[in-house]
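Sending over a structure as structure tokens; questions will come in a sec.
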Amino acid sequence: MKTTKAEKSKTAVRPKYDLRLYVAGQTPRSLQALSNLKRICEEHLAGQYRIEIIDLVKRPQLAAGDQILAIPTLVRTIPKPARKIIGDLSNIEKVLVGLEVRPAEQ
Amino acid sequence: MITMGGLPKGRPTLVCGGAGCGKTLFGIEFLVRGATQFGEPGVCISFEETAEDLAQNVASLGFNLQELQRKKKLVIDHIYVDKSEIAETGEYDLEGLFIRLNGAIDSVKAKRVLLDTPEALFAGLSNTGILRSEMRRLFGWLKDKGVSAVITGERGEGTLTRHGLEEYVSDCVILLDHRVQNDSVTRRLRVLKYRGSTHGTNEYPFLIDQKGISVLPITAVGLDHKASNERVSSGVPELDAMFGGSGFYRGSSVLVTGTAGTGKTSLAASFVDAACRRGERGIYFAFEESPNQIMRNMQSIGMDLRKWVRKGLLHIESVRPNAFGMEMHLVRMHALLQEHSPDVVVMDPISGLIPSGSMFDISSLVLRIVDFIKAKGATGFFTALMAEDDVHSTNLNISSLVDTWLLLRNIESNGERNRVMYVLKSRGMSHSNQIREFLLTDRGVKLREVYLGAGGVLTGSARVAREAEERREESSRRRAERKRELALRASMAVVDAKLAALEAQRNRYKSGLQAVIDEDEDRRVANLKDRDKLQISRGVVVNGPVKEGHKGEL
């Protein structure tokens, strides 16, 4: 799979959480989703995640692979089974539930 | 034809109906025909079936989806929405769908699109507000893209589609229906809305068969057939003679009714046999016997129908009446008629299609078929089973639809049953009102003048007996006559002889009389002559004839 931007976590080579965020261009919603995602990952998945961003406007053919309908969609490919979360990820609890992540103790 | 030309170009059409009513097939056929017949590639977005399942399902209709995909005429994309996989967190839109759809359309330059069925999205995603606005956006997008789209929807309770897709697709809505009637499945189609054009507003039956969907309008037939003056033979010369020598009008419809075993099938077969002999094409719709049975039976009366079947002039189509619903029969027959273009069509027996008690059904079915056959210029020949006393009662509605009505009856007498036939009506031509005896010989159907004996119409052996008897009577009468003739002649001869004798006598008398007269005259003349002589000798000058009282002079 190609990536346009990849952020590797600083510590692990094989991350525990492999996340793909599908967006369609630089829409406000997409940017919002990305920033929400980064925040969530830093807070609850520190060091264990990898985010790929796939822009379907640039590469539309990738939509079929993960059966992407809605934008933005976050796909957790690892751990399996894949989980999809759609929306701008503003509801943090739901995102965590969707990713099956226990909230980190704050 | 129902939509007067097809589906609206560049606009979305909604096809809705209950489960299994054929919506997907409708959509697939729309795409396939577009790709194969009109050069318009298509995209199918299937929300419910995978591409493989879809291809398999329609393979039996002769649609080869794999091939079309390979040739880049068709793209099938399966979009599934698995609710369990998805969590919805916040606002989103369905741009992913648009992107995929757009990609697919552009990849084959599609002009036709099938979405089957977007309602699946409503099952997978819970934010109906977003879904609705995206639906609206989708249909607008499709219009802008310039593709003709078919969208399928599942019938809702009281609404056309479960999720109200009809709100967004207001241009053309087609409703498919699929119900069980009289133990048979009938499928019907109705065009609900078609903005910007006229369309038939009734329900039309349709059929899904090996070639896809065929639709037949119920009442689309007008009454403006051309009427031909040409005549076609019935196959039985004596029958033709009853119609002034030539047979039925081409393009007319003929009904033969009778009780069981009266020979209706034989007459029908004679008709079709005659047509084939003229080189014409025929279709024989049989509802009670198989083609082989018919051909074998007709062989026994000297007709070789197999020959025509082999030459492709005759097609015998046998089907049980209860195999399909009424409309299905109609659509099948319609398709066969289109395919074979026959000059004559036989339905034997048409009464086999009547489910008990549905008089309206049989009338409308017969009407449609009769009309369609006429519109094609073919001559229709129908047989019907009718109880003896039914002739003047209930089944009249069939008989009023046809132009010629022949009746076959059995007559019982003298310990046997024989068949007779007569013409009940024949529009537009004079016909004999005589009853004929109807015979099935090994040289085909033959009609004979009935025998009117003292006790009424006689047929069969009674006729033979009576004929023999009458021949005997005739010869004895003739003998008697001869005798009398001779006797009279003898008397006449006697009288003649007498006359001759009398005549001879008369002649004798006459000549006797003449003799007497002559003698008398002679004597008178002689006397006068003598007197004259005497006078002369006395010296009296005799001047001319002697006069009385003339004195002689000295």
Side-chain angles (χ1 to χ4, degrees), chain A residues 19-37 39-41 44 54-77 79-101, chain B residues 43-52 69 75-108 110 115 117-135 137-138 141 145:
Chain A
L19 305 170
R20 262 180 228 159
L21 182 66
Y22 286 87
V23 299
Q26 304 266 323
T27 61
R29 200 177 285 149
S30 297
L31 295 171
Q32 178 77 20
L34 183 57
S35 74
N36 283 340
L37 181 62
R39 200 160 18 93
I40 292 171
C41 287
H44 303 277
I54 303 183
D55 188 348
L56 289 178
V57 168
K58 296 211 179 103
R59 287 177 207 276
Q61 62 274 22
L62 298 185
D66 271 331
Q67 285 286 351
I68 301 302
L69 268 185
I71 299 291
T73 295
L74 174 67
V75 181
R76 183 198 80 183
T77 50
K80 291 206 199 312
R83 302 267 311 168
K84 272 195 214 142
I85 299 164
I86 58 181
D88 58 9
L89 309 178
S90 46
N91 187 330
I92 298 181
E93 271 98 32
K94 274 209 181 155
V95 176
L96 291 176
V97 167
L99 290 175
E100 290 174 331
V101 168
Chain B
V43 167
C44 168
I45 306 284
S46 170
F47 293 91
E48 290 180 333
E49 292 182 84
T50 64
E52 292 76 35
Q69 286 182 84
V75 168
I76 305 183
D77 206 357
H78 175 49
I79 293 186
Y80 68 83
V81 184
D82 186 342
K83 204 171 172 113
S84 63
E85 278 187 345
I86 295 193
E88 297 170 50
T89 66
E91 296 290 310
Y92 59 87
D93 61 35
L94 293 179
E95 190 62 29
L97 171 61
F98 285 77
I99 289 177
R100 287 171 77 173
L101 186 51
N102 195 41
I105 292 177
D106 287 346
S107 71
V108 291
L115 299 176
T117 160
E119 293 191 315
L121 293 172
F122 288 83
L125 302 170
S126 49
N127 192 328
T128 44
I130 294 183
L131 282 173
R132 284 201 192 291
S133 67
E134 288 299 86
M135 284 288 114
R137 185 159 80 100
L138 177 64
W141 184 87
K145 195 81 181 160

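Chain A is the first sequence line, chain B the second, and so forth, proteins listed ahead of strands; every chain is numbered from 1.
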Which atoms form the tightest heavy-atom contact between B:Leu121 and A:Leu69, and what is the distance?
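Between these two residues, the closest heavy atoms are CD2-CD1, 3.3 Å.
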Just so I know, are the side chains of A:Thr27 and B:Glu95 near enough to count as touching, which here means a heavy-atom distance under 4.5 Å?
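A side-chain contact is absent here, since even the closest heavy-atom pair is not under 4.5 Å.
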If you count heavy-atom pairs within less than 4.5 Å of chain B, which of A:Gly98, A:Ala64, A:Pro72 leads?
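When all of A:Gly98, A:Ala64, A:Pro72 are compared, A:Ala64 has the most.
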Can you name the closest pair of heavy atoms from A:Ile71 and B:Gly96 and give their distance?
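Taking every non-hydrogen atom into account, CG1-N, 3.3 Å.
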What closest approach, in Å, do B:Arg100 and A:Gln67 show between heavy atoms, and which atom pair accounts for it?
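Answer, listing the atom of B:Arg100 first, then A:Gln67: NH1-OE1, 3.0 Å.
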Filter on side-chain hydrogen bond (donor to acceptor under 3.5 Å, both in side chains), then keep only pairs touching residues 88-99 of chain A, sequence neighbours left out; what's left?
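Checked against side-chain hydrogen bond (donor to acceptor under 3.5 Å, both in side chains) - neighbours excluded - the pairs reaching residues 88-99 of chain A are A:Asp88-A:Ser90.
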Atom CG of B:Leu94 and atom CD1 of A:Ile86: how far apart are they, to the nearest 0.5 Å?
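Reported value, rounded in 0.5 Å steps: 7.5 Å.
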Counterpart residues, side-chain hydrogen bond (donor to acceptor under 3.5 Å, both in side chains), relative to B:Asn127 (two or more places apart):
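Residues passing side-chain hydrogen bond (donor to acceptor under 3.5 Å, both in side chains) with B:Asn127: none at all.
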If you count heavy-atom pairs within less than 4.5 Å of chain A, which of B:Ile130, B:Leu125, B:Ile79, B:Asn102 leads?
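With the most close heavy-atom pairs to chain A, the winner is B:Ile79.
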